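Accompanying notes for the structure given below.
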Protein chains: 4
Amino acid sequence: MATAAPHRAAPVTNRSQLAAIGPEQLAADFKQVRTATEALAQGLSAEDQNLQSAPFASPAKWHRAHTTWFFETFVLKPHSPSWEPCSPAWNYLFNSYYNGVGRQYPRPQRGLISRPDIHEVAAWRRRVDRAVLALIDNPPAGEFTRLAELVRLGLNHEQQHQELLVTDIKHGFSKNPLHPAWHQPRQPARHDGAPLRWIKFDGHTAGIGMPDDGRFCYDNEQPRHRQIIEPFELAARPVTCGEFLEFMRDGGYEDPDLWLSDGWRWLKENDIQSPLYWQHTDEGWKIHTPGGLQALDPAEALAHVSFYEAAAFAHWAGARLPTEAEWEIAATSRAGSPGPTAESGRLHPAASRPDQSGKNLLADMLGNVWEWTASSYLPYPGYKAPAGAIGEYNGKFMANQMVLRGGSCATPLGHIRPTYRNFFYPPDRWQFTGLRLARH
Amino acid sequence: MATAAPHRAAPVTNRSQLAAIGPEQLAADFKQVRTATEALAQGLSAEDQNLQSAPFASPAKWHRAHTTWFFETFVLKPHSPSWEPCSPAWNYLFNSYYNGVGRQYPRPQRGLISRPDIHEVAAWRRRVDRAVLALIDNPPAGEFTRLAELVRLGLNHEQQHQELLVTDIKHGFSKNPLHPAWHQPRQPARHDGAPLRWIKFDGHTAGIGMPDDGRFCYDNEQPRHRQIIEPFELAARPVTCGEFLEFMRDGGYEDPDLWLSDGWRWLKENDIQSPLYWQHTDEGWKIHTPGGLQALDPAEALAHVSFYEAAAFAHWAGARLPTEAEWEIAATSRAGSPGPTAESGRLHPAASRPDQSGKNLLADMLGNVWEWTASSYLPYPGYKAPAGAIGEYNGKFMANQMVLRGGSCATPLGHIRPTYRNFFYPPDRWQFTGLRLARH
Amino acid sequence: MATAAPHRAAPVTNRSQLAAIGPEQLAADFKQVRTATEALAQGLSAEDQNLQSAPFASPAKWHRAHTTWFFETFVLKPHSPSWEPCSPAWNYLFNSYYNGVGRQYPRPQRGLISRPDIHEVAAWRRRVDRAVLALIDNPPAGEFTRLAELVRLGLNHEQQHQELLVTDIKHGFSKNPLHPAWHQPRQPARHDGAPLRWIKFDGHTAGIGMPDDGRFCYDNEQPRHRQIIEPFELAARPVTCGEFLEFMRDGGYEDPDLWLSDGWRWLKENDIQSPLYWQHTDEGWKIHTPGGLQALDPAEALAHVSFYEAAAFAHWAGARLPTEAEWEIAATSRAGSPGPTAESGRLHPAASRPDQSGKNLLADMLGNVWEWTASSYLPYPGYKAPAGAIGEYNGKFMANQMVLRGGSCATPLGHIRPTYRNFFYPPDRWQFTGLRLARH
Amino acid sequence: MATAAPHRAAPVTNRSQLAAIGPEQLAADFKQVRTATEALAQGLSAEDQNLQSAPFASPAKWHRAHTTWFFETFVLKPHSPSWEPCSPAWNYLFNSYYNGVGRQYPRPQRGLISRPDIHEVAAWRRRVDRAVLALIDNPPAGEFTRLAELVRLGLNHEQQHQELLVTDIKHGFSKNPLHPAWHQPRQPARHDGAPLRWIKFDGHTAGIGMPDDGRFCYDNEQPRHRQIIEPFELAARPVTCGEFLEFMRDGGYEDPDLWLSDGWRWLKENDIQSPLYWQHTDEGWKIHTPGGLQALDPAEALAHVSFYEAAAFAHWAGARLPTEAEWEIAATSRAGSPGPTAESGRLHPAASRPDQSGKNLLADMLGNVWEWTASSYLPYPGYKAPAGAIGEYNGKFMANQMVLRGGSCATPLGHIRPTYRNFFYPPDRWQFTGLRLARH
């Protein structure tokens, strides 16, 4: 998810590629996702929902409105002739970056939109929901498949914004000295975390990317292609906060030899001395969390580090970041993807549990923290951008960003998969960005 | 009112200087001013009240909280031993710039304070109001005079913030393409405005500044001192929007010879082509007002221009800006200060009515628009800053700013007077800043 | 001398005001001033002469060329029909800010003009000198008076640039860790400096500004006008480095209560901890001088402080800065202007000698350091800007700057006088800017 | 060559990898390269040699001094016990970025170093040259091989700076409205340039990178490794100025759909409307060249475009940029690398000659313009940075930059090869950066 653009990839919309789903399932999925967004906004006041603490973040109210705008623009307007759309000013306010759909309100000023207020946005959501469900129930002749594709797209799009809503409100609250608590996760039983083990992978020629088998994916996950992989080892779990604390205590932030040249300049210009959201207090290190300011748990997976910090840590540890191909091979292997340690909806990284299966499984590949890879975000060989407004900008973010894999504790369940390519600029830290070590 | 500091001057607090007022009058004044603040916030939603559209502006909620903090800090804490103050975090959030009272939350981030919410702030206001009224009713022995001084100070302080609340919310709404209407003034009967007449003043040695006679004033209005005044003429009314439109149509913004050197650079760097809040539309010039976007009225007093624009206009008109001494002499003369043309609470400049008294009166010296003068904001001869936290910074804004006189349509009635010295930086435009011409 | 504009004021060019001087005297003056410029460039290599270390400074080669351009443009072109001017590109490069004479090459890039080189510029100077001298010797009929006015103007203009050449090369060399020595002043006999004494002045109505008596002056020194002066005292000598060191050791740079609000922000944003050119070394404080890096002499007059530092020091010392009227009264009084302590051409501030005349004289009013006053740079009452290209911008710098008086060790002898008004922005420090205390 | 760092890669210094060369050859090579640097500075005045027109560029004098510093620091100091090194201040001034060798003078201020002057630098060069040649002639026992490695490294390093000296002086002169001519290439016979042909390459598994066979190369060209290549086609010559003009006339700079998202922002923020050094005049498009401002030749290879412009052009042309692997395969194939069209030392791109060999050769792969590839600058699989000060930063530039291949008209003959990886940031344009199209 690029700083400048929360939608980073167009889904594959070729209809033959999507497995058939019927109207009941589609309606149920629609209700589930739309309800989940509103659930995230529960407990946030009107002022909370209008916070914008950085140009890269958006207010919760804007996320709620923009995802609704998406359904109105791409589903209702083309398929529901009697639909009465919102005013042109709303269209201007809640378009994100689709040049094909008109001008956009300046992104860094989204927090200045006090009107429409949260009640007007909620009413709009309900009106659009009713219309989309009516359309699913009674589609124009011959249009159901196309409709289903667009709704499916809108739902995946909205899931991406659910994660952004969480990370953006977290960033907003971090500016408030009261450190408001807005989400209390059920705490998993405390344990000391898993020791660091390495899983070996042999060299071979691998298939990378999503096969063309009808499952939903974004266009940047295709075409599937072959790649030569040298033997490597991957850490069985992500790097922890405790390990990063060792790096800090060993002078990691003071030694230029550990850092990429651009990373060192970034560190100096921004006076970086710890991961984002870490605070040193009289009582030791604390972390700003959805539950307020809490003591740092050394066993927890590290999050909110930049690519530069991830690379410097790996260097310090005598290891490196995996390429995205290595990561994908591991995640789709026998050892891979046993799912996250923590329960869903926790909204905070978990401590990886020691593997007691005896099978040398990789822990937490999906759904704990996004893991920086050593790969730049570039097109796969043979990649072609789809045409039209929806696919207008598929490849346009393929410069200056690095690939992250795995999904985080804020990624909606069912949205993530081993071939999923997320991407951010090297300095970005407000997502749940961590890392996993690799070595030759 | 300096950009970085809404309280610009300490009142004269020498008790012998204040006319005696009794507890009933003080309580009545207190209720009137505190209620007026809440009345201004009426009709503003929670999101509206949290808007901050520029570093120099503050959210309405912040103004409501900060003025309350002022009474808690300077009245209740020293005089009400049983008072339970707000939390340290609130103290940090709602202190504005008093170094003597502790650190301050970064001013440009005030819009990021979603909590406490408007209900918590309202409850705090009520709690403080009850306590101050109880204290007035039953002051500790021998402390009433000092208490009255501090309350009077707090009320004048709050009146300054009432004006800022208006100008700040106006600025905030100007960023919203919906141009929300939030205040519908009763329209005065339309008329064509007064023609430009000049009032003559003879040369003489004049007394400038507030005499030491017990009336309330700020310290920067004293000491009263003598100044030699050469003969001059002053325009009988402020410059109008129509006159400024002529300047624009005559290429005023394109001719460097009309501008101060710094003004020309400001104009180029900020691509200035009209006063703030003016918009050229297919239907001609419109102005962003508290009643939404409205057609420009040529007879209305011009507002929202910088000192640079005021000086360039005066140059173009073959005239100049008055010095603050000239302005004060005129306002206190036989011809001066007949009060504003428009009703109170209009929150938008009025068109000056032609003088039909036959007495050659100056119109609208007080209460229509703030008028830029040719004078830098500097101490009067013999000025000494008071000691202590309240007067801590009396003179500290006396650099780089220009004096404005007269008060605007947003200045509370009863707060303004001929000796009142307001001050802003030359480029500032978000206050109701206009001008009146002078010549030799 | 404003940052953006070394010529800050037009001379009074009304011919009746200039005392008659004959051709011989004019030619002698011309040779003296033009030679003095070249003498300053002696000992500077080609690279030295092309240095530009800040947007407000200009290369020595540029000063040499620009002053020549001035004579070519305003003297030779209008009065010498056969004159073949330099190329349009040179005209573009060496015009400074006269909009009436065409576009200007961007000021901050003057250091990028490697060509024409110093030899071409020297040849141009010689060619122009010969032509001007020929014109003086044999002027067109009836044009000598006008010619003399323009030449006189060009010479005063060139003297201003001589001072800038010195301060700009000093600034340039300060960036070189070698601290090149380029000018070795004869050291005056060392002494401990004068103790601080105060000279009293009674209140009265004073005449301020240059009388209209034919002596040369700039337009901003006129009209002479009356001003009421309250009784005051003025320090008999400027503040010394040693006194400023006390201020620093007493925490002057750490106490916000001593500073103007804008000054405190300036200090924080630029991390100011000492006057410009001061360096703390293992051997104590040193100062970058034309003779290289040298030990700080506590008795020397302080220089290279901003208006903010001057005002903070005065506040700390329990005093204030004088107004420009107070300064001028003192300089033209019985006690005033005995001239500088040090020899001419020293190019470094001197230590004021104790007054042994028994007459309570003010030391070093003229020619040691420029002294910040408490006065903003504004027009005198009745000031009118002259017309035409030369006087095009007389008043355009009258905003945001403060007046300095007295001239410095780098000001050419004969160029300075008690009514001379110099002006810079409050943060400017690269001129020899110091201060003298005043009090009520 | 990264903006922040002209030395971008450490040579492979494992002594077994270097083919043996004897003292005579080494001395001859040394003299040739050192003389070539001085030849480039011929015709540049002292002022010219001190120009620095951008933070990424360095003065010619600095290049001459820095390359000398390199030999002193890495060859003479360790191997010549009697060597008397330059002063610490010079060491500080002429170190570029080797943290292991001490602090560095701020890069953007190199143009402020007027002293030492060009004569002192020339004398230092001669002194170092004599000492190095003496050392080669009579090396300490057993140290010749190591010495030869270091000298070889210093020579390759100096060749990189020769190219930078050319591009930096070109950039410097572009700021001068006189457009100084400083190098007149012999013009090749004019011709219309080669038409665009495509050369086909089959898919296969290829070896990429320099084999470990003793030839000199930088560490980033190794390890050689296998990569799967899909079938592709490559243009037989680089894109021409005329083709880019068509792109411009077709609105290429106005259509956001052609651009990467970051590229569009770069274009808007910098108001980019043509390649660097292009000027639209009354007589049509002109280009700033070493021979002054000259008419654009449509047949010439395009240079001075950013990666963003290269990618947008390729998009517009219905093609894409090649990956660096595709480029390397082509350059090492039967069809590849016939060398540049133009003579050496031309310092300006040439028009590719039509291939008349009948062999479908690729023109100008080496030595006309650097060609942007679609590949980010990342380590090859298994890459390890060498240890020590020389290799201190081998990998530290591997972020945010793109690979360029082929060398330019300013690259010294013999310095370039098909495996050579150059790298710059996507917006960089002051090198001779062009492109060659590829397609599937």
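Every chain is numbered from 1, with letters handed out A, B, ... down the list of sequences. Here the structure is a predicted model, which is why all the values come from computation and not from measurement.
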query = Any cation-pi pair here, Arg421(A) with Tyr380(A), using under 6.0 Å and within 45°?
reply = yes
key: Centroid-centroid distance, Tyr308(A) to Trp259(A), less than 6.0 Å   = no
ask   = Do we get Arg439(D) above Trp198(D)'s six-membered ring, with its NZ or CZ under 6.0 Å from the centre and within 45° of the axis?
value = yes
request  = Check each atom of Ala311(D) against the heavy atoms of chain A and say whether the ones under 4.5 Å are side chain, backbone, both or neither.
outcome  = neither
ask   = Does any heavy atom of chain A fall under 4.5 Å from the side chain of Leu378(D), the backbone, both, or neither of them?
value = side chain
query = Of Pro426(D), Ser261(D), Ser306(D), which meets side chain to side chain contact (heavy atoms under 4.5 Å, CB included) against Trp266(D)?
reply = Ser306(D)
remark   = Okay, Thr205(D) and chain A: the region with an atom under 4.5 Å from a heavy atom over there is side chain
ask   = Given that the side chain runs from C-beta out, which part of Phe232(A) has a heavy atom under 4.5 Å from chain D: side chain, backbone, both or neither?
value = neither
